[in-house]
There are 2 protein chains.
Amino acid sequence: MLQNENYNTDLIEPCNDECSFCFLNYTDVLGKNSLFRGLSKGEIGEIIRSVHHQSKAYSKGEVVANEGDNYDRLILIVKGAVVGEMMDFEGKVLRVEQRSAPETVAIAFIFGNNNRLPVTITAVEETRLLFIPRDDLVKLFSGNKIVLSNFLDNMADRAQFLSRHLRMLGLHSIRGKIAHYLLEQVKLQGSTDIRMPHTQAALSEMFGVARPSVARVLRDMNNASIIESRGKNIRIINTEELSTMLS
Amino acid sequence: MLQNENYNTDLIEPCNDECSFCFLNYTDVLGKNSLFRGLSKGEIGEIIRSVHHQSKAYSKGEVVANEGDNYDRLILIVKGAVVGEMMDFEGKVLRVEQRSAPETVAIAFIFGNNNRLPVTITAVEETRLLFIPRDDLVKLFSGNKIVLSNFLDNMADRAQFLSRHLRMLGLHSIRGKIAHYLLEQVKLQGSTDIRMPHTQAALSEMFGVARPSVARVLRDMNNASIIESRGKNIRIINTEELSTMLS
DNA sequence: TTCATTTTGTAACATATGATACATTTTGCT
DNA sequence: AGCAAAATGTATCATATGTTACAAAATGAA
């Protein structure tokens with residue numbers, strides 16, 4: 001198992017008072033992070049300046065943190081994207097979520113009585129993360145009701161996401177999962193002509209199924225004239241039929 | 001679908017200043033709720049007295065709230081137990097969790113941008129619940145750092161639970177799920193001679209599988225001399241073999 | 001103790017999905 | 001444009017699981 005050599009568990013030293021790197025480079029993207037919604041750039045800059053924090057770059061494929069690691073800090077994505085995955089010892093992967101700048105990472109697990117990371121976090125492209133330790137978060141909450149409120153909203157949104165994922169995994173067959181995914185993409189892309197943003201391998205990891213089984217279901221939907229697919233490009237022909245697969 | 005006739009969405013009127021019913025009857029059980037860990041009974045009584053709240057009784061089988069309902073209050077179980085389940089339109093059920101006094105209910109979903117209940121909550125025995133609206137919670141947090149800290153821990157614990165459930169549903173076959181359950185019961189009951197606290201029907205709903213399939217896997221484990229089962233009474237014979245099913 | 005209800009056990013068959021292997025097509029980099 | 005790597009497509013067979021029905025055993029209430 002990869003050792004956590006990049007994820008320092010020691011207290012993070014703050015940048016110096018003139019840390020122009022963080023202030024100048026990150027307040028723009030942090031301003032778009034829902035944790036700071038309702039705050040001005042000046043206020044965000046003041047927050048970054050006043051808390052311990054660390055900025056670190058990761059290359060594509062590099063592990064940020066491992067499943068089971070102690071998790072007691074806030075991670076903000078200021079550039080790039082990461083994926084969170086659960087794995088068993090036989091190499092099977094359950095891909096939970098990909099998060100991109102300017103979002104947070106695994107915000108729901110910072111507190112609690114057994115706050116260990118339930119997923120392995122890996123950079124999927126050149127990525128830069130900003131770390132803020134939990135104690136500094138708590139202080140921040142004391143002094144800033146807006147950040148606390150935003151934090152509670154963020155945690156709740158993550159719990160909602162986990163519940164939806166739970167529902168999809170526990171109530172649907174492969175066909176139901178794929179139908180759900182396609183309908184969601186139709187909604188997101190605003191058209192019945194969509195291009196899947198995930199490979200079939202990624203879909204199989206999201207749904208906990210075998211990759212050739214995903215291909216087979218897509219082919220069967222083709223043959224049943226429910227969709228018309230060419231690789232990642234898919235035209236939905238029978239939206240209602242897809243919907244009935246979700247019942 | 002059952003109408004939500006018992007779950008008033010109007011602002012909850014507080015008990016009067018001499019609400020002996022709540023103070024005398026509930027501070028004992030509330031004192032055992034992790035939300036109030038670190039507080040004295042006097043402090044808890046003062047909290048209950050100062051927030052809007054409502055107490056309501058439910059009979060066995062009565063629906064407390066439906067999946068999809070707006071969810072903007074704290075529910076504390078002062079007596080009895082409830083179950084949270086997801087359902088599709090064909091009657092398939094995914095049982096997420098049963099919660100008992102003195103625990104909270106669905107604490108992770110009170111805040112957020114789309115705070116709808118992801119489960120239907122039903123009383124599984126004679127049950128009494130205490131409701132506190134979200135706005136009063138927010139005020140409580142302002143004045144009490146301990147309750148805020150406990151609340152964040154509670155939310156994080158629920159997120160951990162959802163993640164473990166997600167992992168179990170997404171990475172394991174039926175055999176893996178049952179093996180996991182049996183090993184967990186061994187741990188909880190402190191013996192390899194256990195009595196399943198759930199019926200096979202309940203297990204099938206927890207795992208999202210068919211009830212006769214649960215029976216078949218248990219029989220197969222019997223035949224393979226991994227367990228020795230008589231109804232709900234199970235003796236684990238080959239703990240290592242069960243463990244390998246979780247890899 | 002009795003009895004109705006609930007739970008468990010099981011069979012038979014159908015369907016779904018996994019596993020493995022490999023060919024073909026697409027994509028991204030140089 | 002070319003080429004290597006990644007992704008998709010597909011076949012075949014095995015295994016897992018669902019469905020339906022019904023019998024037997026266990027449980028809880030009277």
Side-chain angles (χ1 to χ4, degrees), chain A residues 59-61 83 88 90-95 124-126 168-182 194-224 227-234 245 247, chain B residues 60-61 88 90-95 124-126 168-182 194-224 226-235 245 247:
Chain A
S59 50
K60 178 187 162 81
V83 71
D88 72 10
E90 288 174 350
K92 185 170 182 182
V93 166
L94 183 68
R95 178 185 162 121
V124 294
E125 60 191 70
E126 179 79 7
M168 186 269 293
L169 285 179
L171 281 178
H172 296 313
S173 63
I174 289 190
R175 278 174 72 81
K177 286 159 173 146
I178 291 171
H180 180 276
Y181 174 83
L182 293 177
I194 67 171
R195 180 178 173 81
M196 294 196 296
H198 301 92
T199 64
Q200 289 181 12
L203 291 185
S204 70
E205 291 177 353
M206 283 159 66
F207 304 151
V209 302
R211 199 244 348 133
S213 306
V214 174
R216 184 166 54 206
V217 168
L218 286 171
R219 184 191 63 215
D220 292 345
M221 287 178 168
N222 251 313
N223 294 343
I227 65 174
E228 219 174 70
S229 78
R230 283 184 298 280
K232 284 180 148 183
N233 295 304
I234 298 189
M245 293 173 191
S247 295
Chain B
K60 179 185 162 79
D88 71 12
E90 288 174 351
K92 186 170 182 182
V93 165
L94 183 68
R95 179 186 161 118
V124 294
E125 59 189 71
E126 179 80 7
M168 185 268 292
L169 285 178
L171 281 178
H172 296 313
S173 63
I174 290 189
R175 278 174 72 82
K177 286 157 175 153
I178 291 173
H180 180 275
Y181 174 84
L182 293 177
I194 66 170
R195 180 177 172 81
M196 294 197 295
H198 300 91
T199 65
Q200 289 182 11
L203 290 185
S204 70
E205 290 176 353
M206 282 159 67
F207 304 151
V209 302
R211 199 240 352 130
S213 306
V214 173
R216 185 168 53 209
V217 167
L218 286 171
R219 185 192 61 215
D220 290 345
M221 288 178 168
N222 252 312
N223 293 343
I226 297 170
I227 65 173
E228 218 173 72
S229 77
R230 281 183 298 281
K232 284 178 145 182
N233 295 304
I234 298 189
R235 167 170 293 177
M245 292 174 192
S247 295

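Letters A, B, ... mirror the listed sequences (proteins, then strands); counts begin at 1.
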Worksheet entry | Atom pair distance, as rounded to whole Å: CZ in Arg175(A) and C1' in dG18(D) | 15 Å
Fill in: side-chain N/O Arg195(B) vs dA26(D) OP1/OP2, d < 4.0 Å
no
Practice prompt. Return the minimal non-hydrogen interatomic distance between Gly170(A) and Leu94(B), and the atom names on each side.
Written response: CA-CD2, 3.8 Å
Worksheet entry | Stretch residues 209-218 of chain B: residues that reach within less than 4.0 Å of DNA chain D through a heavy atom | Val209(B), Ala210(B), Arg211(B), Pro212(B), Ser213(B), Arg216(B)
Discussion item. With nearest nucleotide decided by heavy atoms, which residue, Gly231(A) or Arg219(B), maps closer to the 5′ end of DNA chain C?
Written reply: Arg219(B)
Item to complete: In whole angstrom, give the distance that lies between atom CE of Met196(A) and atom P of dT26(C).
Response: 14 Å
Discussion item. Within residues 198-208 of chain B, which residues have any heavy atom lying less than 4.0 Å from an atom of DNA chain C?
Written reply: Thr199(B), Gln200(B), Ala201(B)
Discussion item. Donor-acceptor pair, distance only, cut-off 3.5 Å: does the side chain of Lys232(B) make one with the backbone of Arg195(B)?
Written reply: no
Worksheet item: For the pair made of CG in Asp220(B) and C1' in dT15(D), what is the distance, rounded to whole Å?
Response: 12 Å
Practice prompt. Take atom CE of Met221(A) and atom P of dT8(D), then tell me their distance rounded to the nearest Å.
Written response: 16 Å
Discussion item. With a 4.5 Å cut-off on side-chain heavy atoms, are Met245(A) and Leu182(A) touching?
Written reply: no
Practice prompt. Figure out the CZ/C1' separation between Arg230(A) and dT8(D), and round it to whole Å.
Written response: 15 Å
Item to complete: Starting from P on dG18(C), measure out to CD on Glu90(A) and report it in whole angstrom.
Response: 14 Å
Fill in: For atom CG of Asn222(B) and atom C1' of dT8(C), their distance in whole Å
13 Å
Item to complete: Nearest whole angstrom, please: distance from the P of dA25(D) to the CG of Asn233(B).
Response: 17 Å
